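Below, all heavy atoms of this structure are taken into account, side chains as well, without hydrogens, waters or symmetry copies. Everything numeric here is computed off the predicted structure, so don't read it as measured data.
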Amino acid sequence: MKLDRRSLLKTAGSLAIFSGLAPHMTWAKSLGAYPFTLGIASGDPWPGGFVLWTRLAPKPLEEHGGMPMAIVPVGYEIAEDEGFRRIVATGTAEARPELGHSVHVEASGLQPGRRYWYRFSAGGEVSPVGTVKTAPAQGAMVDRVRLGVAGCQHYESGFYTAYQYLAKEPELDAIFHYGDYIYEGSGNPGKKGRVRAHAGDEIYSLDDYRRRYAQYKTDPDLQAAHAAAAFLASYDDHEVDNNWASTHDQDGTPPEFFLLRRLAAMQAWYENMPVRRAQLPANGQLTMFRRLDYGSLLRVHILDTRQYRTDQRCSANETKPCRRDADPVETMLGERQERWLGEGLTGGSRWNLLAQQVMVMPMAYPASRKAGPVNNDSWSGYPEARRRLVQQIEERRLTNVVIATGDVHKHHAGNLPLRDEDLTGPAIATEFVATSISSDGDGEALPASWRDVPANNPHCKLFNGQRGYQVLNVTPKEWHTDVRVVDKVSTLGGTLSTLARFSVDPEKPGLD
């Protein structure tokens with residue numbers, strides 16, 4: 001069904017009354033330019049629905065995105081077919097200036113385990129069309145789930161060619177975005193390897209963060225990925241500041257001041273991600289960790305490894321405030337999230353996926369690394385927290401735990417050992433680390449400085465520093481992870497290839 005201006009006006013009038021909106025608030029009023037410059041998105045599917053997202057920004061890099069400081073109604077339609085001949089749900093949502101004129105629709109009452117199409121309308125304009133699948137019914141037998149894994153998309157460092165290919169992956173159920181959706185630094189067009197420039201200086205205020213998200217979201221390949229599948233969105237450090245931990249930043253800023261920046265960043269993250277109202281920041285915090293089920297086949301635990309952790313251990317020659325080895329308290333997830341994870345790690349699902357941000361398995365980096373051979377920002381900097389995680393899995397006798405990770409701008413695939421001191425001994429879980437979309441530029445398979453790293457990490461079976469993403473193919477009998485790479489992001493037109501495929505048996509943790 002093609003929507004013309006007359007039908008839009010008619011529908012707006014009736015839905016305004018239904019939604020309790022003032023009758024004069026119709027989406028027919030022009031917003032001065034096309035308002036859907038940041039695209040559309042969906043996220044967090046459940047058996048009867050999903051989140052639909054858009055943000056109105058007719059002039060994305062200008063003040064307030066070029067929007068008036070007023071509530072603007074936005075219409076939405078959900079259909080069973082791409083041509084919108086079988087529309088099953090319509091409604092109106094408020095794009096409020098308090099939330100950067102973003103819209104979060106929590107659609108419900110739909111059929112489980114099926115594909116839908118959606119679009120928005122505002123200011124007499126119609127958005128692009130997106131597609132999304134609801135999750136299977138609770139406890140349903142499911143033959144297959146396919147998830148993409150992607151993140152670390154530094155705008156200046158390269159083009160988002162990998163997203164162009166990820167958007168074309170067949171029958172994706174969702175895409176887990178592990179974080180670093182934006183980077184907070186100032187524009188640096190003259191720096192070697194920069195192919196495009198951030199707008200503005202380093203970001204601190206809510207308006208700064210909104211503008212940075214707007215710049216990233218104008219990328220057509222990122223928009224295509226959002227339109228192709230639901231995102232399971234999380235954040236890592238650069239959505240706020242590099243290597244932040246709870247109330248600490250990397251510069252030793254007094255916590256009361258850093259928390260102001262963190263709150264602005266968290267509100268901007270909520271405004272720009274297709275997440276539920278439950279993720280709206282409140283009382284200075286944002287509850288990002290949550291669970292999603294795909295029938296009886298897969299339980300996805302999305303973790304927050306930033307907001308509740310203790311500060312990182314001090315690295316070599318480090319002078320900023322940090323955690324000393326003698327400090328007794330050490331946590332990555334915080335007590336409440338650890339307890340929540342333990343309660344949800346059950347044998348009721350064929351597979352458990354820990355979807356999180358920083359590498360869990362031990363990794364010995366080159367001795368020449370400036371910060372030393374241990375990445376203190378990863379779980380290796382929190383060995384007691386990792387021991388408790390391993391203990392949770394071991395006590396429940398689970399053999400079906402797989403971990404999806406990002407952060408380090410490299411593809412890895414390996415085993416989480418039962419004991420840190422026995423890297424070639426029994427595995428307690430399998431970990432797949434996805435490389436970046438663009439961060440660190442084109443990259444290379446194995447840098448010369450990494451020549452000895454594989455031998456020092458026998459539990460890890462893959463070391464690759466090219467750009468790309470991963471696809472998780474989950475079935476009751478087997479888990480396959482396909483590792484995709486693109487040959488370049490410094491210019492447009494990069495070529496995609498499959499670097500490797502790994503398999504995991506649900507009855508035996510570790511790689512095959």
With rounding to the nearest 0.5 Å, note down the distance linking [atom1] in [X] to [atom2] in [Y].
X	Y	atom1	atom2	result
E343	W340	CD	CH2	10.0 Å
E77	Y118	CD	OH	14.0 Å
Y178	L303	OH	CG	16.0 Å

So which heavy atom on [X] is nearest to which on [Y], and how close?
X	Y	answer
D304	F289	N-CB, 4.1 Å
D44	R290	OD2-NE, 2.7 Å
A150	L166	CB-CD2, 4.1 Å

Just to verify, what does [X] make a ring pair (Phe, Tyr, Trp, His ring centres under 6.0 Å) with, not counting sequence neighbours?
X	answer
W269	Y235
W117	none
F120	none
Y34	F36

Exercise. Does R212 pair with E184 as a salt bridge, N-O distance under 4.0 Å?
Worked result: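 No, this pair does not count.
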State which residues pass salt bridge (charged side-chain N to carboxylate O under 4.0 Å, His left out) with [X]; sequence neighbours excluded, sorted by chain then number.
X	answer
D208	none
D311	K320
E82	none
D293	R299

Exercise. Can you say whether the rings of Y183 and H238 are parallel (under 30°), tilted (30 to 60°) or perpendicular (over 60°)?
Worked result: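 Parallel: the ring planes of Y183 and H238 meet at under 30°.
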Problem set entry | Stepwise ring-ring contact (aromatic ring centres under 6.0 Å, His included) test for H412 and F432 | CA-CA 6 Å; H412 294 299; F432 295 103; over 10 Å; no
For this session: Say whether, by atom type as modelled, one donor and one acceptor occur between the side chain of R262 and the main chain of S246 under 3.5 angstrom.
Result: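 Flag set: sc R262 to bb S246 pair under 3.5 Å.
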Exercise. Do Y216 and H198 have their ring centres less than 6.0 Å from each other?
Worked result: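 Centroid distance Y216-H198: below 6.0 Å, so yes.
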Problem set entry | Within the 6.0 Å centroid threshold, strictly below: Y270 and H104 |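 They qualify: ring centres under 6.0 Å apart.
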Show me the side-chain donor-acceptor pairs of residues 55-69 shorter than 3.5 Å, one per line, residues at least two apart or across chains.
residue : atom : partner : partner atom : Å
R55     : NE   : G100    : O            : 3.3
R55     : NH1  : R210    : O            : 3.3
R55     : NH1  : N272    : OD1          : 2.9

Exercise. Listed by chain and number, what are the side chain to side chain donor-acceptor pair (under 3.5 Å) partners of R306, not counting sequence neighbours?
Worked result: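 If we apply the side chain to side chain donor-acceptor pair (under 3.5 Å) test to R306, skipping adjacent residues, the hits are D236, D377.
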For this session: Applying side chain to side chain contact (heavy atoms under 4.5 Å, CB included), name anything that partners A228, two or more places apart in sequence or on another chain.
Result: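 Once residues adjacent in sequence are excluded, the partners of A228 under the side chain to side chain contact (heavy atoms under 4.5 Å, CB included) criterion are A167.
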For this session: Would you list the pairs meeting salt bridge (Lys or Arg N to Asp or Glu O under 4.0 Å) in which at least one residue belongs to residues 152-169, sequence neighbours left out?
Result: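 Of all non-adjacent pairs touching residues 152-169, those that pass salt bridge (Lys or Arg N to Asp or Glu O under 4.0 Å) are R146-E169, E156-R194, E169-R484.
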